Structure formats: C-alpha cells, structure tokens
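Every value quoted in this text rests on a predicted model; they were computed, and no experiment measured them.
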Amino acid sequence: MTWRGTRALVGATHPGPALAVTVLAALLALPAGLGPGTAALVVAAVLTGQLTIGWSNDLVDAGRDRAVGRTDKPLATGELSERLVRGWCAAALVATVVLSLAVGLPAGPVHLLVVAGGWAYNLGLKATWLSWLPYAVAFGALPAFVWLAGPLDPPLWGVAAGALLGVGAHLVNVLPDLADDAATGVRGLPHRLGPRWLPVAAVVVLVAASLVIALGAPGLPGWALGVGAALVAGLALVAVVRPGRDAFRAAVGIALVDVLLLVVAG
C-alpha cells in the first residue's frame, strides 16, 4: 500500500476520537492498578475496537457522504475501496475479540459491550432519538472494563461520570455535521435539539459529569477540585452567552476538564 493509501486508511478510522478514547483507557489504567502486561492488553484491545468503530462508521455512511460531497472521507472520494476497508475492519474486529478475552473475565465481555455500543450507533441508532444511548453505554462501560482488568472494583461514580461524558461527547461531536446529517435524513437526538439548544444541552450534561466526579470521587485533591470547578464554570458561562462555534469549543473544553478530573480522581 502506498503512503497516500495508508494515510487514507488511517483517516477513515476517525483517528481523533479513536486516539482520545485509547489514551483515556491508558490513563485510567494507572489508578486502576494494572500491571504493565495487563495495561498493554487493555490499551491494544481498546485501540483495535476503536478502529472497527471508525471504519464501520465510514462504511455505513459512504453513500450519505458521497451525497453531500464530503471531501474529507476517503471512501466517499474513491480514494479507498470499500472492499479494502471491510477487510481491515474484519481483521481489527477479530483482534478486538481476541485481545478483549485475553484480558480475562469479566473484563473482556465488558469491553465487547463498549465496541457493540459503537457499532449499534453506526448501524442505525444514530438516526433515532436514542442516538445518545450507545455513547452512554460505551463510555460508562469503558472505566468498568479497565478496573475489572485489575484488582480493584470499578467505582460507580466513575461509571456514571463516564456515561454522562459519553452523552456530552455525542452532542458535541455531532454539532459540526448537523447540516450534512439533515440533508441525508439523519435525525438523532442532537438534530432534534437543533443548533440553538444543542450546545446548551451538551454543557448541561458535561457539567453534570463534573459534579458526579466532584461529589463521588474520594481521592480528588482539593487543588484539582478548585481548578476544575473554576474552569467548568467559566466554560459553561461562555457556552451560555456565546452561542455557535464558541459554545461548541466551550463544551469541548468542559469535556477535556472532565476527562482530566476522572483520571486524577481515579
């Protein structure tokens, strides 16, 4: 495969979200008390699982992406063949199952639930008012997977915060694509909220995740709580008074603060 083809194949994985989720899993491995070998298996399983979610998303959406002229989608532009992406997606799916089960029970099946949530979204739930549900399940199950791989029980506050963070991430992630989705008949929860209320809803959910972490995590240092609270409050204010792209950026900022608090609190 040429360098250009490799870049296109990587681009079809949705590399930003895939890398972010993988890094989050790696960071959560520290407070979960995982040994180096187990942590490596966990990270590898999460990475391959995210690759399958990204590739399957572009495979399912190829027709829609062509219809709206998406030039950033290699399958839509013809830079990649669907047969090639299907092959890589199938290989990554097999690797995900093997790596997840290698982590052990009950952690392995929990990670497969994370991946199943992503696939369920791609295969149809994204176009319904339940579009938030796969994100809630997947992001709530991710901390549970990491903790179950080690000696400690997964904290309920971590699972709840992860679920809220997932819903918030879904709302934020869809905002730039509202017009394209509407043109191709996708009507998930964010589309029903509309561009006016979507950033507000995202901020509310992400602030709720911050509160769950602040109130539920016994190990959150005072300095982290203070800094986190100030950042979340400031970003929430920006989202309320500056609708549009500024509100979107503020919601992304709150999500990043929540992730850092989740790791520090763990």
Side-chain angles (χ1 to χ4, degrees), residues 12-61 85-128 130-167 169-170 173 188 259 262-263 266:
T13 67
H14 297 214
L19 181 61
V21 174
T22 304
V23 170
L24 175 58
L27 293 173
L28 290 176
L30 300 175
L34 304 189
T38 303
L41 275 176
V42 164
V43 171
V46 171
L47 175 59
T48 56
Q50 291 304 304
L51 294 180
T52 74
I53 293 171
W55 278 324
S56 64
N57 182 275
D58 273 18
L59 284 167
V60 172
D61 286 352
V85 177
R86 284 196 194 98
W88 279 96
C89 187
L93 187 58
V94 171
T96 300
V97 174
V98 172
L99 290 167
S100 298
L101 296 180
V103 174
L105 299 174
V110 171
H111 179 247
L112 295 180
L113 179 64
V114 174
V115 178
W119 276 72
Y121 177 82
N122 293 342
L123 292 174
L125 283 181
K126 69 180 295 180
T128 75
L130 289 174
S131 61
W132 58 273
L133 184 58
Y135 275 82
V137 171
F139 277 76
L142 181 63
F145 164 56
V146 177
W147 259 270
L148 286 170
L152 305 175
D153 292 331
L156 293 179
W157 62 265
V159 173
L164 288 167
L165 183 59
V167 175
H170 168 48
N173 188 53
V259 169
L262 187 63
V263 172

Student: What are the two closest heavy atoms between G118 and I53, and how far apart are they?
Tutor: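 So the two residues come closest at CA-CD1, 3.9 Å.
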Student: According to the salt bridge (charged side-chain N to carboxylate O under 4.0 Å, His left out) rule, which pairs have a member within residues 87-115, sequence neighbours left out?
Tutor: none
Student: Once side chain to side chain donor-acceptor pair (under 3.5 Å) is applied, what residue pairs with a partner in residues 97-107 remain, sequence neighbours excluded?
Tutor: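 Of all non-adjacent pairs touching residues 97-107, those that pass side chain to side chain donor-acceptor pair (under 3.5 Å) are S100-H111.
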Student: Just to verify, what does T22 make a side chain to side chain contact (heavy atoms under 4.5 Å, CB included) with, not counting sequence neighbours?
Tutor: V43, V46, L47, Q50
Student: At their closest point, which heavy atom of P143 faces which heavy atom of G158, and how far apart are they?
Tutor: CG-O, 3.8 Å
Student: List the residues meeting side chain to side chain contact (heavy atoms under 4.5 Å, CB included) with T52, not counting sequence neighbours, and say none if there are none.
Tutor: C89, A92, L93, T96, V115, W119
Student: Listed by chain and number, what are the side chain to side chain contact (heavy atoms under 4.5 Å, CB included) partners of A149, not counting sequence neighbours?
Tutor: L34, T38, V42, V103, A107
Student: Just verifying a value: how many Å separate T13 OG1 and W88 CH2, rounded to the nearest 0.5 Å?
Tutor: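 The OG1 atom of T13 sits 11.5 Å away from the CH2 atom of W88.
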Student: Tabulate below the donor-acceptor pairs under 3.5 Å that side-chain atoms of residues 131-140 make, not counting sequence neighbours, or state none.
Tutor:
residue	atom	partner	partner atom	Å
S131	OG	H170	NE2	2.9
S131	OG	L189	N	2.9
W132	NE1	W129	O	3.2

Student: For V110, give me all partners under side chain to side chain contact (heavy atoms under 4.5 Å, CB included), at least two apart in sequence or on another chain.
Tutor: A141, A144, F145, L148
Student: What salt bridge (charged side-chain N to carboxylate O under 4.0 Å, His left out) pairs are there with at least one residue in residues 100-128, not counting sequence neighbours?
Tutor: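 Listed by first then second residue: D61-K126.
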Student: For L30, does the CG atom have more than 12 heavy-atom neighbours from other residues, nucleotides or ligands under 6.0 Å away?
Tutor: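 Correct, the count exceeds 12.
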Student: Any chance you could measure N57, atom CG, to L123, atom CG, to the nearest 0.5 Å?
Tutor: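 Those atoms lie 9.5 Å apart.
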Student: Which residue pairs pass the salt bridge (charged side-chain N to carboxylate O under 4.0 Å, His left out) test with at least one member in residues 44-58, sequence neighbours excluded?
Tutor: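 Output for this query lists D58-K73.
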Student: Work out which heavy atom in A29 is nearest to a heavy atom in A39; give both atom names and the distance.
Tutor: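 Looking at all heavy atoms of both residues, the shortest contact is CB-CB, 4.1 Å.
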Student: Quick check for you: to the nearest 0.5 Å, what is the distance between L130 atom CG and Y121 atom OH?
Tutor: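 It is 12.5 Å, given to the nearest 0.5 Å.
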Student: To the nearest 0.5 Å, tell me how far L24 CG sits from L165 CG.
Tutor: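 Atom-to-atom, L24:CG and L165:CG are 7.5 Å apart.
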